[in-house]
Amino acid sequence: MSLKKEGYKARLVDKKLREYLKLFSAVSVEGPKWCGKTWTSLNHANSITYIMDPAGNYSNKTRAELNPSLVLDGKIPHVIDEWQEVPGIWDAVRFNVDQNPGLGKFILTGSVTPPRVSYKHSGTGRIAILRMRPMTLYESGDSREAVSFASLFSGKKIRPFTADIDLLHLIDITIRGGWPQTLNLSIRKAGSVSVEYINALLKNDLFSERFSKRNSAKLHVLLRSLARNNATTVSDTTLTKDIAGNDMMLSRNSIVDYTDDLKRIFVLEEIPGWMPGIRSKTRIRMSPKLMFADPSLAIAALGIGRRRLFEDLNTYGFMFENLCLRDLWAYAELYGGSLYHYRDNSNLEVDAIIEMKDGAWGAFEIKLGENQVESAAQTLLRLKKKMVSDGAREPSCLVVITGGGLGRKREDGVYVIPVNALKP
């Protein structure tokens with residue numbers, strides 16, 4: 001019997017969490033606040049300790065600080081929520097499963113990656129890490145579920161189909177984001193939730209004792225700059241110049257520190273450059289892409305709404321790419337894949353590369369409008385030709401993700417798939 005909450009919507013990570021509990025003694029579910037980690041964990045648990053329960057003047061936290069093993073008792077699987085508030089809990093769990101072996105004993109949830117020096121053991125072999133992200137369009141019920149992500153990698157033929165979506169509605173979905181708490185709210189109210197998320201970062205999260213002292217005004221300017229450069233390989237130098245243009249000085253070292261902190265609380269994601277396993281004279285540019293965990297946070301950081309986005313589709317295009325990358329990453333990880341981007345010294349650039357554990361790979365271009373499909377398809381075909389000529393295996397799929405419209409497989413083998421048509 002689980003502690004499943006009434007109204008819980010199934011998540012993609014449910015399947016992997018179920019599998020991990022049969023393979024490991026403990027599973028650490030990590031990701032940004034409000035993405036649903038606790039409810040998902042309760043769906044698989046029989047008991048829980050809330051470290052930040054205010055009852056008894058935060059007695060659970062106090063007990064854990066005195067002796068972390070005191071919060072490990074409970075019917076397994078036992079959830080320890082926000083374990084990072086007392087990093088010693090990690091070592092206590094690791095020691096417990098060493099002394100009393102067994103599978104599926106603990107589920108740890110955390111919205112911050114503590115400094116590695118705050119606990120002694122990595123937990124390798126005992127504690128599995130499971131990354132959780134905000135809801136995909138499939139999970140939130142906004143997908144027509146016409147094409148499965150897995151079928152793209154199998155080369156499956158698809159019949160042409162239509163997945164129309166009004167542009168303003170697509171913008172609204174992006175503003176709302178993938179936060180479970182916002183699904184039943186109006187867009188105005190949902191947007192306010194993301195704004196308060198950003199405000200909470202500025203007032204609280206980055207000023208706790210876990211982090212270096214931060215200047216809230218400078219952090220806010222940096223967040224806006226990151227949002228303007230969302231889902232790009234923006235350099236620290238570019239950010240420094242952009243911030244200086246706002247009459248605010250922030251050194252390169254400070255920018256690195258701030259962005260590292262934002263990654264540690266899972267607000268920012270880093271997409272690494274793809275390095276195919278081939279011998280090639282092509283010089284690959286390995287600078288990572290930075291994107292927000294959810295496009296709603298980037299929009300909130302910019303302080304803009306649906307009308308501004310509708311009137312400035314160039315800006316919305318970056319937010320749309322963020323939304324697509326968020327979903328692609330979640331689908332890829334469900335099947336053990338990894339997300340990358342590609343750019344080389346010939347300025348050939350592809351938005352997303354997904355590589356599976358067996359070496360199979362697919363390339364994805366993200367374009368909001370149908371009028372951009374042809375150029376995107378040619379980019380993908382150019383990458384295929386280059387990789388094959390350099391000795392790489394052929395891609396399993398080439399896909400242009402669009403903002404709605406006609407889904408199909410072209411004569412040249414390139415799929416054109418509206419983002420609101422995808423399912424796992």
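The analysis underlying the following values was restricted to heavy atoms, covering all of them including side chains, and did not include hydrogens, waters or symmetry mates. Bear in mind that the values here come from a model prediction, so they are computed numbers and not experimental data. Sequence positions, counted from 1, serve as the residue numbers for this chain.
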Stepwise side chain to side chain donor-acceptor pair (under 3.5 Å) test for Thr237 and Thr240: CA-CA 5 Å; Thr237 301; Thr240 301; 5.9 Å; no

Salt-bridge contact Glu333-Arg133 (side-chain N to carboxylate O under 4.0 Å): yes

Pairwise side-chain contact, Tyr58 with Glu85, heavy-atom cut-off 4.5 Å (strictly under): no

Residues which pass side chain to side chain contact (heavy atoms under 4.5 Å, CB included) with Arg308, listed by chain and number, not counting sequence neighbours: Ile304

Between Thr40 and Tyr8: side-chain donor-acceptor atoms closer than 3.5 Å: yes

Electrostatic pair Glu269:Arg131 at N-O distance under 4.0 angstrom: yes

Side-chain donor/acceptor of Arg224 to backbone N/O of Leu302, under 3.5 Å: yes

Under 3.5 Å: donor-acceptor pair, side chain of His220, backbone of Asn215: no

Qualifying salt bridge (charged side-chain N to carboxylate O under 4.0 Å, His left out) pairs, either residue in residues 177-195, two or more places apart: none

side-chain hydrogen bond (donor to acceptor under 3.5 Å, both in side chains) against Asp294, all qualifying residues, sequence neighbours excluded: Ser296, Arg326

Tyr335: partners by side-chain hydrogen bond (donor to acceptor under 3.5 Å, both in side chains), with sequence neighbours left out: none

Residues which pass side-chain hydrogen bond (donor to acceptor under 3.5 Å, both in side chains) with Ser41, listed by chain and number, not counting sequence neighbours: none

Under 3.5 Å: donor-acceptor pair, side chain of Glu355, backbone of Leu339: no

Close side-chain approach of Leu202 and Ser216, heavy atoms under 4.5 Å: yes

Gap separating the CG atom of Asp412 from the CG atom of Leu381, nearest 0.5 angstrom: 5.0 Å

Whether over 12 other heavy atoms sit under 6.0 Å from Asn184 CG: no

Results of side chain to side chain contact (heavy atoms under 4.5 Å, CB included) for Glu374 - residues two or more places apart only: Gln378, Arg410

Val267 vs Leu297, side-chain contact (heavy atoms from CB on, under 4.5 Å): CA-CA, chis, key distance, verdict: CA-CA 8 Å; Val267 168; Leu297 298 180; 4.3 Å; yes

NZ/NE/NH1/NH2 to OD/OE distance under 4.0 Å, Lys385 and Glu394: no

Considering all heavy atoms, the nearest Ala64-Val71 contact: CB-CG1, 3.9 Å

Exam field: side chain Tyr415 to backbone Ile401, donor-acceptor pair closer than 3.5 Å: no

Residue pairs involving residues 2-11 (criterion salt bridge (charged side-chain N to carboxylate O under 4.0 Å, His left out); sequence neighbours excluded): Arg11-Glu139

Any Ser151 side-chain heavy atom under 4.5 Å of Val147 side chain: yes

Asp166: partners by side chain to side chain contact (heavy atoms under 4.5 Å, CB included), with sequence neighbours left out: Leu168, His169

Derivation of the ring-ring contact (aromatic ring centres under 6.0 Å, His included) call for Phe153 and Trp361: CA-CA 8 Å; Phe153 277 79; Trp361 64 279; 9.4 Å; no

Lys386 bridged to Asp344 by N-O distance under 4.0 Å: yes

Step-by-step side-chain contact (heavy atoms from CB on, under 4.5 Å) determination, Val97 to Phe24: CA-CA 10 Å; Val97 299; Phe24 299 93; over 6 Å; no

Donor-acceptor contact present, side-chain Thr182 to main-chain Gly178, <3.5 Å: no

Derivation and outcome, salt bridge (Lys or Arg N to Asp or Glu O under 4.0 Å), residues Glu30 and Lys263: CA-CA 12 Å; Glu30 60 182 31; Lys263 293 172 196 171; over 6 Å; no

Qualifying residues under side-chain hydrogen bond (donor to acceptor under 3.5 Å, both in side chains), relative to Asp81, sequence neighbours excluded: Thr38, Thr109

Donor-acceptor contact below 3.5 Å, side chain Arg264 vs main chain Thr113: yes

For the student: nearest non-hydrogen atoms of Trp34 and Val193, plus distance: CZ3-CG1, 3.4 Å

pair Thr136-Asp142: side-chain heavy atoms closer than 4.5 Å: no

What pairs of donor and acceptor atoms, side-chain ones from residues 155-162 against any protein atom, are under 3.5 angstrom apart with sequence neighbours left out?
none

Least distance between heavy atoms, Arg408 atom then Ile417 atom: O-CD1, 4.5 Å

Salt bridge (charged side-chain N to carboxylate O under 4.0 Å, His left out) partners of Arg252, counting only residues at least two apart: Asp236

Exercise: identify the closest heavy-atom pair between Glu349 and Thr379: O-CG2, 3.5 Å

Aromatic plane relationship, Phe364 with Phe149 - under 30° parallel, 30 to 60° tilted, over 60° perpendicular: parallel

Heavy-atom pair with the smallest gap, counting every atom of Gly404 and Pro418: CA-CB, 3.6 Å

Side-chain heavy-atom pair Asn230, Leu290 within 4.5 angstrom cut-off: no

Step-by-step side-chain contact (heavy atoms from CB on, under 4.5 Å) determination, Ile271 to Leu325: CA-CA 9 Å; Ile271 304 175; Leu325 290 171; 3.8 Å; yes

Side-chain donor/acceptor of Lys37 to backbone N/O of Pro32, under 3.5 Å: yes

Asn314: side chain to side chain contact (heavy atoms under 4.5 Å, CB included) partners, not counting sequence neighbours: Asp312, Phe318

Spacing of Ile187 atom CD1 and Asp172 atom CG [to the nearest 0.5 Å]: 4.0 Å

Sub-4.5 Å side-chain heavy-atom contact between Leu239 and Leu226: yes

Check: His341 and Trp274 side chains under 4.5 Å, non-hydrogen atoms: no

Inter-residue atom distance Phe106.CZ - Ser28.OG, 0.5 Å rounding: 13.0 Å

Sidechain-backbone polar pair: Asn420 side chain, Ser143 backbone, donor-acceptor under 3.5 Å: no

Ile354 side chain reached by Trp329 side chain, heavy atoms, under 4.5 Å: no

Least distance between heavy atoms, Ser225 atom then Asp242 atom: OG-OD2, 2.5 Å

Pair Val373-Glu370, side-chain contact (heavy atoms from CB on, under 4.5 Å): steps then yes or no: CA-CA 5 Å; Val373 167; Glu370 178 70 25; 3.9 Å; yes

